[in-house]
There are 2 protein chains.
Amino acid sequence: MNIGDVSERSGLPAKTIRYYEDIGLIRPQRGDNGYRRFDGADVHKLVFLARARSLGFTIEDCRALLALYEDRRRASADVKHVAQEHLTSIDRKIVELQTMRAALSDLVTRCHGDDRPDCPILEDLAGPVEEPTERPADGPQR
Amino acid sequence: MNIGDVSERSGLPAKTIRYYEDIGLIRPQRGDNGYRRFDGADVHKLVFLARARSLGFTIEDCRALLALYEDRRRASADVKHVAQEHLTSIDRKIVELQTMRAALSDLVTRCHGDDRPDCPILEDLAGPVEEPTERPADGPQR
DNA sequence: CTTGACCTTCCAGCGACTGGAAGTGCCATC
DNA sequence: GATGGCACTTCCAGTCGCTGGAAGGTCAAG
């Protein structure tokens with residue numbers, strides 16, 4: 001099978017498949033014309049990679065998972081460990097985004113969004129308005 | 001003020017501040033010794049940038065926001081628009097991560113995580129087990 | 001024989017920094 | 001004045017996971 005077919009079957013762009021070979025995730029054979037020749041096992045691995053990437057695993061995670069996948073004597077604990085760590089990092093990212101979202105959403109609702117210049121979003125970004133500690137005679141007295 | 005002081009006040013690494021100058025977000029003066037000299041306005045902008053980046057705005061968003069911040073005749077609608085778009089993209093990312101999280105979390109709970117090799121995580125990654133359409137004489141008949 | 005689709009390699013770029021090397025300046029102490 | 005130690009400078013390379021594009025070779029159809 002040529003790279004085009006494999007690309008279609010795995011859903012991965014040909015460029016990505018070449019890249020995966022580059023970094024040693026797969027090792028397809030080569031034909032006399034120099035074309036890559038993929039067999040069933042290669043396609044299988046690429047499908048595996050596509051799925052793992054879609055779950056957000058890093059390339060290095062994928063490499064580890066692929067090694068475990070190929071090792072019939074693996075311990076499922078090893079697999080679970082990798083997945084668990086990844087789950088934790090996803091959770092961290094979700095929290096981070098939700099924190100951003102909360103702050104931003106508050107600012108957006110407080111902004112009129114008309115043609116006047118005053119805007120709570122810019123005010124927030126500019127930081128706390130420092131009160132003039134110098135020149136106290138200038139402000140309104142009471 | 002030298003870059004070290006500004007770094008401390010803005011919370012941005014000196015490297016990042018130099019980078020921001022590189023890409024034209026700030027234009028500090030230079031002293032006779034070649035050192036960057038930052039004034040109050042520069043520090044203000046850097047604080048602004050730090051806050052905007054912490055809300056997840058891209059550098060290009062920051063550039064636009066900074067321009068609006070400096071334009072006293074801006075319309076708050078323009079600011080709101082940028083923020084709104086960013087909010088939408090944050091929401092997209094959250095959904096994406098939550099989708100991953102759900103799938104992954106399911107796999108993790110279903111994996112025993114012991115020293116045996118069978119593992120629902122790997123099974124999922126490997127994709128659906130294709131049933132043997134060839135050699136129909138091999139399967140159980142009914 | 002030509003066309004056009006497919007394949008190859010190689011290099012550059014994305015975003016937003018970050019690390020490190022090599023060199024200069026500043027300030028304090030001896 | 002020499003020395004030490006830090007802060008500052010520039011420049012280049014690397015991160016991650018691709019993606020685009022150039023320049024060229026291969027193959028099957030018409």
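Order of the sequence lines fixes the chain letters, A, B, ..., with proteins taken first and strands second; residue numbering starts at 1 for each chain.
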- According to a strict under-4.0 Å criterion, is A:Arg30 in side-chain N/O contact with OP1 or OP2 of C:dT9? yes
- Task: Using the six-membered ring wherever Trp is involved, compare the ring planes of A:His44 and A:Tyr69 and label them parallel, tilted or perpendicular (cut-offs 30° and 60°).
- Result: parallel
- Take the protein atom CD1 of B:Ile26 and the nucleotide atom P of C:dA16, then report the distance between them rounded to whole Å. 16 Å
- Task: May I ask you to verify if any side-chain N or O of B:Arg36 is less than 4.0 angstrom from the OP1 or OP2 atom of D:dC8?
- Result: no
Report all side-chain donor-acceptor pairs from residues 117-129 of chain A shorter than 3.5 Å, counting only partners two or more places apart or in another chain.
residue: A:Asp124; atom: OD1; partner: B:Arg51; partner atom: NE; Å: 2.7
residue: A:Asp124; atom: OD1; partner: B:Arg51; partner atom: NH2; Å: 3.1
residue: A:Asp124; atom: OD2; partner: B:Arg51; partner atom: NH2; Å: 3.3

- Find the bend of the helix from C:dC1-D:dG30 to C:dC30-D:dG1 as the angle between its two terminal axes (five pairs each), to the nearest 10°. 30°
- Message: More than 12 heavy atoms of other residues, nucleotides or ligands under 6.0 Å from CD of A:Gln98: yes or no?
- Response: yes
- Atom CZ of B:Arg37 to atom P of D:dC8: distance rounded to whole Å? 15 Å
- Item | Atom pair distance, as rounded to whole Å: CG in B:Asp22 and P in D:dT10 | 9 Å
- salt bridge (charged side-chain N to carboxylate O under 4.0 Å, His left out) partners of A:Asp106, counting only residues at least two apart: A:Arg110
- Scoring nucleotides 15-26 of chain D by protein non-hydrogen atoms under 4.0 Å (B base, S sugar-phosphate only, - none) yields --BBSBB---BB
- Query: Taking 4.0 angstrom as the limit, do A:Arg36 and A:Glu21 come out as a salt bridge?
  - Reply: yes
- Query: Can you tell me how far C1' of C:dT9 sits from CD1 of A:Ile17, to the nearest Å?
  - Reply: 17 Å
- Of the options B:Val108, B:Asp114, B:Leu107, which is the one that meets A:Lys80 in a side chain to side chain contact (heavy atoms under 4.5 Å, CB included)? B:Val108
- Partner set under side chain to side chain donor-acceptor pair (under 3.5 Å) for A:Thr16, not counting sequence neighbours: none
- Item | Distance, rounded to the nearest Å, where B:Asn2 contributes CG and D:dC6 contributes P | 17 Å
- Item | Atom pair distance, as rounded to whole Å: CD in B:Glu21 and P in C:dA16 | 19 Å
- Message: Considering every strand and a 4.0 Å limit on heavy-atom distances, what is the contact class for A:Ile3: base, sugar-phosphate, or nothing?
- Response: sugar-phosphate
- Message: Just to verify, what does B:Asp91 make a side chain to side chain donor-acceptor pair (under 3.5 Å) with, not counting sequence neighbours?
- Response: A:Arg101
- Task: Mark yes when over 12 heavy atoms from residues, nucleotides or ligands other than B:Arg30 sit less than 6.0 Å from its CZ; otherwise mark no.
- Result: yes
